[in-house]
Amino acid sequence: MTLLIAILVFGLIAALFGALLGYASIRFKVDADPIVEQIDAILPQTQCGQCGYPGCKPYAQAVADGEAINKCAPGGEDTIKKIADLMGVEAEPLDESHEKDNRPKVAFIIEEDCIGCTKCIQACPVDAILGAAKQMHTIIADECTGCDLCVAPCPVDCIEMRVVPETTQNWLWDLNSIPVQQID
Amino acid sequence: MTDYLLLLVATVLVNNFVLVQFLGLCPFMGVSSRTETAIGMSFATIFVMTVASLLSYLVTTYLLVPLNIEYLTTMSFILVIAVVVQFTEMVVHKTSASLYRLLGIFLPLITTNCAVLGVALLNLRSHHNFFESIIYGFGASVGFSLVLVMFSAMREKLANADVPTPFKGAAIAMITAGLMSLAFMGFTGLVKL
């Protein structure tokens, strides 16, 4: 008899708690994982796909699910450090499959070599390449994010990445690069 | 009133859950490598332990004892703790995204923190009443938080210290925890209940 009571009472408690949690999961429903939005806000939004994901949002989702944080080449060390702070993990150097040089670059088409195949136009994630079939293409330098996705598809290797020269217009103070030492 | 105050001091310092009773050592070693996460873990644990000791008192007194099924205490306490942790996680997720991010994975991990189950069972064993149970749960979690935050601060210092190679990493952390435990033995005799 006591056994029956025990089973009954336990079943009741479990049902009660289950109902409470069920209600709470509806009442306190959160639409999207806010961490994904926050990582997405840190990422540079070049949608370049160098991390191996189709764009910044999918990579943000992957990082939230435990993917390595050091795959964003356009973002560089700064972005890695910000994501590390957000996720509460140690910052790590950029993935070795990417080149270390992360100075801002834009693509440049060597126009006399261009055959007008439009392959680079299809590859460009931000529509920064102008041109039509059998017509010479060119890059809109202001729109180019420097993701280098157009370099690989070019059949005649006429696209190269050129470093943007620093001018008074695009100069940014980089205070972090000034070494600050604490004197004991 | 004095009794309650004495009980609080006794649980925080004299019978410290981590260093004297050796409960909850897993999060003590696991979450203490950074002070920031240790503080987050502390707040989550304080909340969960206080609520869990309250609820487990109610379940025992009004359900298990009248129905004469006290042999189910451990099982029902585990159920209560799991529900409290789950519920807390949902509420925190909804109300404060930043706190949720700070607590992160540690919130669900509290379910497996043996100090939470320990406080509920010890409440039962020492026949605490309603308020004593709450104070005991609160004191135990404050004691846990105190040593966790202190230990994490020490480990951050240790990360920069010149430790001999055989003692690097977990080994020196274990020794530090042992020394802290020795230091807390000094509180024995501070309060007599």
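The chains referred to below are lettered A, B, ... by the order of the sequence lines, with proteins before strands, and numbering in each begins at 1.
- Within a 6.0 Å sphere centred on CZ of B:Phe131, heavy atoms belonging to other residues, nucleotides or ligands number 12 at most.
- The nearest pair of heavy atoms linking A:Ser25 to B:Met90 is N-SD, 3.6 Å.
- Scanning all heavy atoms of the two residues, the minimum distance from B:Gln86 to A:Leu21 falls at CB-CD2, 3.8 Å.
- For B:Phe167, the CZ atom counts as loosely surrounded, since its 6.0 Å shell holds 12 or fewer non-hydrogen atoms of other residues, nucleotides or ligands.
- Heavy atoms from other residues, nucleotides or ligands lying under 6.0 Å from CG of B:Asn129 number more than 12.
- Interface residue B:Leu72: backbone and side-chain heavy atoms are both found under 4.5 Å from chain A.
- Rounding to the nearest 0.5 Å gives a distance of 7.5 Å between CD1 of B:Ile69 and CD1 of A:Ile5.
- Within a 6.0 Å sphere centred on OH of B:Tyr71, other residues, nucleotides and ligands contribute more than 12 heavy atoms.
- Other residues, nucleotides and ligands place more than 12 heavy atoms under 6.0 Å from the OH atom of B:Tyr57.
- Contact of the A:Phe28 side chain with the B:Phe87 side chain is registered, since non-hydrogen atoms from C-beta on lie closer than 4.5 Å.
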